[in-house]
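Quick caveat: nothing in here was measured; it's all calculated off a predicted structure. Hydrogens, waters and symmetry mates play no part in the numbers below; they use all other heavy atoms, side chains included. Residue numbers start from 1 in every chain, and the chains themselves are labelled A, B, ... in the order their sequence lines are given, proteins ahead of strands.
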Amino acid sequence: MPELPEVETVVRGLRRALLGATIDGVDIRHPGILRSAPAANFLAVEGSRVRNVDRAGRFILVDLARGAATLHLMLHLGMTGQLLVVEEAAPWAKHTHAVFQLRDGRQLRFIDPRRFGRLDIVTEGSLPERLRRLGIPRGQEPLTVAPDDFVALFRKRKGPLKNLLLNQALLRGLGNIYADESLFRAGLDPRAHHVSAPRLRRLRTAVRHVLRSAIRAGGSSISDYVASDGTRGWFQLRHQVYGRTGLPCRRCRTPVRRIVLAGRSAHFCPSCQSR
DNA sequence: ATGCTACCCTGGCAGC
DNA sequence: TGCTGCCAGGGTAGCA
């Protein structure tokens with residue numbers, strides 16, 4: 001499940017592989033993955049060069065230049081999406097929905113069995129305008145948000161803390177795994193309401209630590225996730241609570257509990273995490 | 001504005 | 001063995 005660390009790993013791989021490469025065309029094999037722009041709009045990538053690869057939350061942004069014109073490609077991996085840079089002769093994976101042909105004979109392939117992933121493209125407009133048209137949430141980046149801003153984001157909000165962490169309009173990039181892992185590290189119950197400022201500061205530190213550790217590990221590979229060169233991450237081996245329902249807490253041996261919040265499983269240690 | 005639920009979609013797995 | 005039914009969840013539409 002690609003969350004911020006997985007997307008960051010993919011972005012770093014794409015940057016290494018694609019910067020300066022020329023795109024000769026794109027084949028949208030399954031238009032259902034398009035978010036808003038019709039398939040015809042993607043014809044514009046022909047002859048463009050990759051100028052930058054970046055990330056906003058879980059959204060991957062590829063800046064393309066063609067002459068004086070710029071194009072902005074958005075890719076979202078959804079639940080099971082993969083972006084692979086391969087030689088064009090590489091074996092064909094099932095559920096390959098889009099293929100970008102590179103002039104040097106390689107291909108960027110978008111593969112997504114569950115088809116929750118999305119592609120979009122815009123051609124112009126100011127940065128905020130582009131981000132809006134690409135559907136990028138307005139939330140803060142968890143790795144750069146200042147302590148006071150982090151506290152301000154959550155202080156006057158209602159609802160369980162876990163739900164707030166999943167709200168991409170507040171903080172973008174956290175998903176179910178890293179929300180649970182961050183709450184465990186901060187010692188906070190996912191059901192906690194109206195959390196105090198000192199506890200929120202602790203949560204910010206925990207989020208940063210968990211995300212950075214996961215990025216160093218190349219992300220968590222649970223089912224489909226792989227980096228753009230096909231390698232798997234190993235942070236799943238370090239999960240403290242996610243996916244460990246009924247197993248002993250690694251800190252205190254109390255069985256890990258699973259409840260449902262925001263329509264998702266929330267995993268936590270009832271002894272180590274307090275409200 | 002905000003917070004909630006239903007929906008999309010397929011592979012993997014438990015249970016019979 | 002083979003079938004059925006359920007579960008996983010990111011983002012968004014639609015609702016109160």
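With sequence neighbours excluded, the residues that form a salt bridge (Lys or Arg N to Asp or Glu O under 4.0 Å) with Glu141(A) are Arg55(A), Arg172(A). With sequence neighbours excluded, the residues that form a ring pair (Phe, Tyr, Trp, His ring centres under 6.0 Å) with Phe150(A) are Phe154(A).
In this model, the phosphate group of dG11(B) is approached by a side-chain N or O of His95(A) to a distance below 4.0 Å at OP1 or OP2. The phosphate of dG11(B) (OP1 or OP2) has a side-chain N or O of Lys94(A) nearer than 4.0 angstrom. Of the side-chain N and O atoms in Ser265(A), none sit less than 4.0 angstrom from OP1 or OP2 of dC7(C).
Nucleotide dA8(C) holds its P atom 9 Å from the CG atom of Asn176(A), rounded to whole Å. Distance CG (Leu164(A)) to C1' (dT2(B)): 11 Å, rounded to an integer number of Å. Rounded to a whole Å, the CD1 atom of Ile33(A) is 13 Å from the P atom of dC9(B). The distance between atom CZ of Arg258(A) and atom C1' of dC6(C), rounded to the nearest whole Å, is 12 Å. Spacing between atom CZ of Arg114(A) and atom P of dG10(C) amounts to 11 Å, rounded to whole angstrom units. Nucleotide dG3(B) holds its C1' atom 11 Å from the NE2 atom of His193(A), rounded to whole Å. In this structure, the CG atom of Leu34(A) is 19 Å from the P atom of dC8(B), given to the nearest Å. Atom P of nucleotide dT10(B) and atom CZ of Arg115(A) are separated by 4 Å, given to the nearest angstrom.
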Task: Chi angles and distances behind the side-chain hydrogen bond (donor to acceptor under 3.5 Å, both in side chains) call for Asp180(A), His267(A) - done: CA-CA 6 Å; Asp180(A) 281 357; His267(A) 311 78; 2.8 Å; yes
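Checked against dG3(B), dG10(C), dC9(B), the side chain of Glu3(A) finds its nearest nucleotide in dG10(C). Checked against dG3(B), dG11(B), dG10(C), the side chain of Met79(A) finds its nearest nucleotide in dG10(C). Listed candidates were dT2(B), dC9(B), dG10(C). Nearest to the side chain of Arg157(A) is dT2(B).
Using a cut-off of 4.0 Å between Lys/Arg side-chain N and Asp/Glu carboxylate O, Arg201(A) and Asp148(A) are scored as salt-bridged.
Annotation for Glu88(A): atom CD counts as buried by contact number, over 12 foreign heavy atoms lying within 6.0 Å. No more than 12 heavy atoms of other residues, nucleotides or ligands lie within 6.0 Å of CZ in Arg138(A), so this atom counts as exposed by the packing criterion.
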Task: Reading 5' to 3' through nucleotides 11-16 of chain C, protein heavy-atom contacts under 4.0 Å coded B for base, S for sugar-phosphate only, - for none - done: BS----
Compile the donor-acceptor pairs under 3.5 Å between side chains in residues 210-220 of chain A and protein atoms, sequence neighbours left out, one pair per line.
residue	atom	partner	partner atom	Å
Ser213(A)	OG	His209(A)	O	2.8
Ser220(A)	OG	Tyr178(A)	OH	2.6
Ser220(A)	OG	His239(A)	NE2	2.9

When the side chains of residues 12-27 of chain A are checked against the rest of the protein, which donor-acceptor pairs come out under 3.5 Å, sequence neighbours left out?
residue	atom	partner	partner atom	Å
Arg12(A)	NE	Glu8(A)	OE2	2.8
Arg12(A)	NH2	Glu8(A)	OE2	3.4
Arg15(A)	NE	Val53(A)	O	2.9
Arg15(A)	NH2	Val53(A)	O	3.0
Asp24(A)	OD1	Arg103(A)	NE	2.9
Asp24(A)	OD1	Arg103(A)	NH2	2.7
Asp24(A)	OD2	Arg103(A)	NE	3.4

TODO: Can you run through DNA chain C from 5' to 3' and write each base as (, ), [, ], | or . depending on how it pairs? Watson-Crick or G-U wobble, both distances under 3.5 Å.
DONE: .|||||||||||||||
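Under the 30°/60° scheme for interplanar angles, the aromatic rings of Phe59(A) and His76(A) are found to stand perpendicular.
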